[in-house]
Protein chains: 2
Amino acid sequence: MSVSELSSAAQDYLKMIWSATEWSATPITVGAMAERMGVKPSTVSDGIRRLAKQGLVTHAPYGSIELTRTGNDHAVEMVRRHRLLETFLVKVLGYGWDEVHDEAEILEHAVSATMITRIDELLGHPVRDPHGDPIPSPDGQLRPPQGVRLAAVDPDRPLTITRISDADPDMLRYFTELGLAPDTRLTVLAHRPYADVTTIRLPDRDLDIDLGPSAAESIWVIAS
Amino acid sequence: MSVSELSSAAQDYLKMIWSATEWSATPITVGAMAERMGVKPSTVSDGIRRLAKQGLVTHAPYGSIELTRTGNDHAVEMVRRHRLLETFLVKVLGYGWDEVHDEAEILEHAVSATMITRIDELLGHPVRDPHGDPIPSPDGQLRPPQGVRLAAVDPDRPLTITRISDADPDMLRYFTELGLAPDTRLTVLAHRPYADVTTIRLPDRDLDIDLGPSAAESIWVIAS
DNA sequence: CAATTTTGTTAGGCCAGTCTAACATTCATG
DNA sequence: CATGAATGTTAGACTGGCCTAACAAAATTG
């Protein structure tokens with residue numbers, strides 16, 4: 001069975017379960033899924049039961065939610081679609097990197113495998129999307145991205161942004177205003193734990209910025 | 001209310017009702033709609049009732065089906081989406097003109113108004129799609145295409161194909177094999193009514209072809 | 001023009017996906 | 001470690017979109 005034959009809701013559930021473990025080991029909860037999808041927990045609970053019946057996840061009541069092999073394959077395929085579409089929207093249709101998430105979220109359920117292949121070719125087989133997230137290959141391989149969370153790096157080292165989480169569009173627009181994007185260079189001046197603030201410097205723009213904890217968790221960097 | 005807020009099925013119904021009167025004055029029937037959409041007549045009958053309840057069509061039981069002003073606007077918007085997407089798939093993603101119909105049929109329900117605008121700009125505001133069908137402007141205007149059905153033209157005049165109906169993908173593939181496409185030049189040698197055959201000549205390829213009635217009804221030409 | 005055939009509608013059922021409300025389980029903390 | 005809070009599940013209802021079966025209307029035709 002191809003991923004295209006799954007309902008849109010099923011595709012969303014699988015992708016979300018997979019995504020939950022991409023950047024941290026904490027497993028997803030029903031409540032978190034419901035909140036992120038904008039539905040009630042009872043809906044998700046029900047949906048997970050249907051997914052389990054189709055052999056895409058394993059789940060006992062009140063137990064953890066795990067993707068089966070098949071479920072994982074479908075999830076990765078959806079992630080590939082999403083990230084290729086985001087890249088396509090930016091590179092070909094001139095979208096801003098902060099504008100593509102919602103559009104890709106809908107298109108990923110509608111495009112054919114053929115179209116994904118053509119987009120991949122047109123873009124020259126990109127390996128990272130506009131937020132710096134790795135794009136899985138057609139056979140589901142994906143290279144884990146380099147980098148650590150900005151919140152976790154030592155001060156005074158030259159850094160380059162490798163990834164910015166696309167979870168919160170408003171935050172992305174804020175980052176865009178500040179000039180923070182993948183490949184932006186910066187230095188952490190200091191973490192101030194009790195103020196919950198990380199101060200960074202953008203040497204190219206000669207600008208210092210204070211970031212709150214959610215921002216500092218959303219930005220991933222590598223030494224440059 | 002925007003066309004995007006309609007269900008996929010509602011969008012399909014409206015587009016089909018509109019399309020039925022684009023090339024001929026015969027109004028659409030419930031049975032014809034059911035067949036073209038691959039559902040049972042009872043489903044369409046029901047769907048039409050829902051559309052009427054939303055004020056998108058007028059319909060009395062056993063009566064004719066007419067689009068309201070709003071319904072017509074939405075239908076034209078869907079046609080615009082469909083034709084722009086077909087053009088985009090051919091021009092940007094390298095699809096064959098005979099391959100785009102089904103992909104566009106799905107995408108038209110998923111793309112945002114923003115994306116349609118960007119595609120339109122990228123393509124330089126095209127006025128005809130790959131089959132020669134006119135693309136409505138953003139405000140719903142569309143210039144009726146020139147041309148008459150091949151079945152209706154006099155023999156021995158130099159003609160150019162302006163439009164090929166995209167209703168039947170198999171026929172399109174057959175036309176592609178024969179080298180018949182929009183802008184192909186040809187001459188009708190003869191209509192042979194009792195054999196139900198129209199013989200045409202392609203001067204550029206020095207080739208004579210016999211076409212059946214459905215083919216001769218699907219190809220529109222203009223004097224060249 | 002009456003009978004038959006064709007076409008369209010209604011009734012009733014099913015499924016997925018959503019909801020609210022009630023209930024069950026697990027977790028956290030005093 | 002017991003209890004209350006947080007989290008998850010189930011039950012029951014609703015909607016849209018589909019179905020089949022039964023019925024109604026319209027069109028065709030002998």
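No hydrogens, no waters, no symmetry mates; every other heavy atom, side chains included, goes into these values. In the text below, chain A, chain B and the rest are named by the order of the sequence lines, each starting its count at 1.
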Any side-chain N or O of T29(A) less than 4.0 Å from the OP1 or OP2 oxygen of dT7(D)? no
Which part of the nucleic acid, if any, lies within reach of S42(A) when heavy atoms closer than 4.0 Å are counted: base, sugar-phosphate only, or nothing? base
K40(B) NZ to dC18(D) C1': how many Å, rounded? 11 Å
Side-chain N or O of R50(A) closer than 4.0 Å to phosphate OP1/OP2 of dG17(C): yes
I'd like to know whether CZ of R143(B) has more than 12 heavy-atom contacts from other residues, nucleotides or ligands below 6.0 angstrom. no
Nearest to the side chain of V39(B), heavy atoms from C-beta on, is which of dG17(D), dT9(D), dC18(D)? dC18(D)
What N/O pairs connect the protein and nucleotides 1-3 of chain D at under 3.5 Å? Give each pair on its own line.
none

Assess the side chains of E86(B) and H82(B): does a donor N or O sit below 3.5 Å from an acceptor N or O? yes
Could you list the residues that satisfy salt bridge (charged side-chain N to carboxylate O under 4.0 Å, His left out) with R128(A), not counting sequence neighbours? D183(A)
Less than 4.0 angstrom between a side-chain N/O of T43(B) and OP1 or OP2 of dC18(D), yes or no? no
Side chain of R49(A) only, please: which of dC18(D), dT10(D), dT9(C) is the nearest? dT10(D)
Once you round to the nearest 0.5 Å, how far does CG of L172(A) lie from CG of L180(A)? 11.0 Å
Close approaches to DNA chain C from residues 12-25 of chain A, in residue order (heavy atom, under 4.0 Å): Y13(A)
Quick test of your reading of the model: are R83(B) and E77(B) salt-bridged, counting only N-O distances below 4.0 Å? no
Rounded interatomic separation in angstrom, taking CE from M33(B) and P from dT7(C): 16 Å
Side chain to side chain donor-acceptor pair (under 3.5 Å) filter on S137(B), not counting sequence neighbours, yields D139(B)
Check DNA chain D against residues 51-65 of chain A and give the residues with a non-hydrogen atom under 4.0 Å, in numerical order. H59(A), P61(A), Y62(A)
So, E105(B) and R36(B), do they make that salt bridge, N to O below 4.0 Å? no
Expressed in angstrom and rounded to an integer, what is the separation of M37(A) atom CE from dG17(C) atom P? 9 Å
Closest approach of W220(B) to R149(B) (non-hydrogen atoms, all atoms of both residues): CZ2-CZ, 3.5 Å
Would you confirm whether R81(A), through its side chain, and E108(A), through its main-chain N or O, come within 3.5 Å as a donor-acceptor pair? yes
Please list, one pair per line, the donor and acceptor atoms closer than 3.5 Å that link side chains of residues 49-56 of chain A to other protein atoms, with sequence neighbours excluded.
| residue | atom | partner | partner atom | Å |
| --- | --- | --- | --- | --- |
| R49(A) | NH2 | D46(A) | OD1 | 3.2 |
| R50(A) | NH1 | D46(A) | OD2 | 3.3 |
| Q54(A) | NE2 | R50(A) | O | 3.4 |

Take the protein atom CG of L6(A) and the nucleotide atom P of dG17(C), then report the distance between them rounded to whole Å. 9 Å
I48(B) atom CD1 is separated from dG17(D) atom C1', nearest whole Å, by 13 Å
Electrostatic pair R118(B):E99(A) at N-O distance under 4.0 angstrom: yes
H101(B) ring center near H131(B) ring center (under 6.0 Å): no
Value in whole Å for how far the C1' atom of dG8(C) lies from CD1 of I28(B): 14 Å
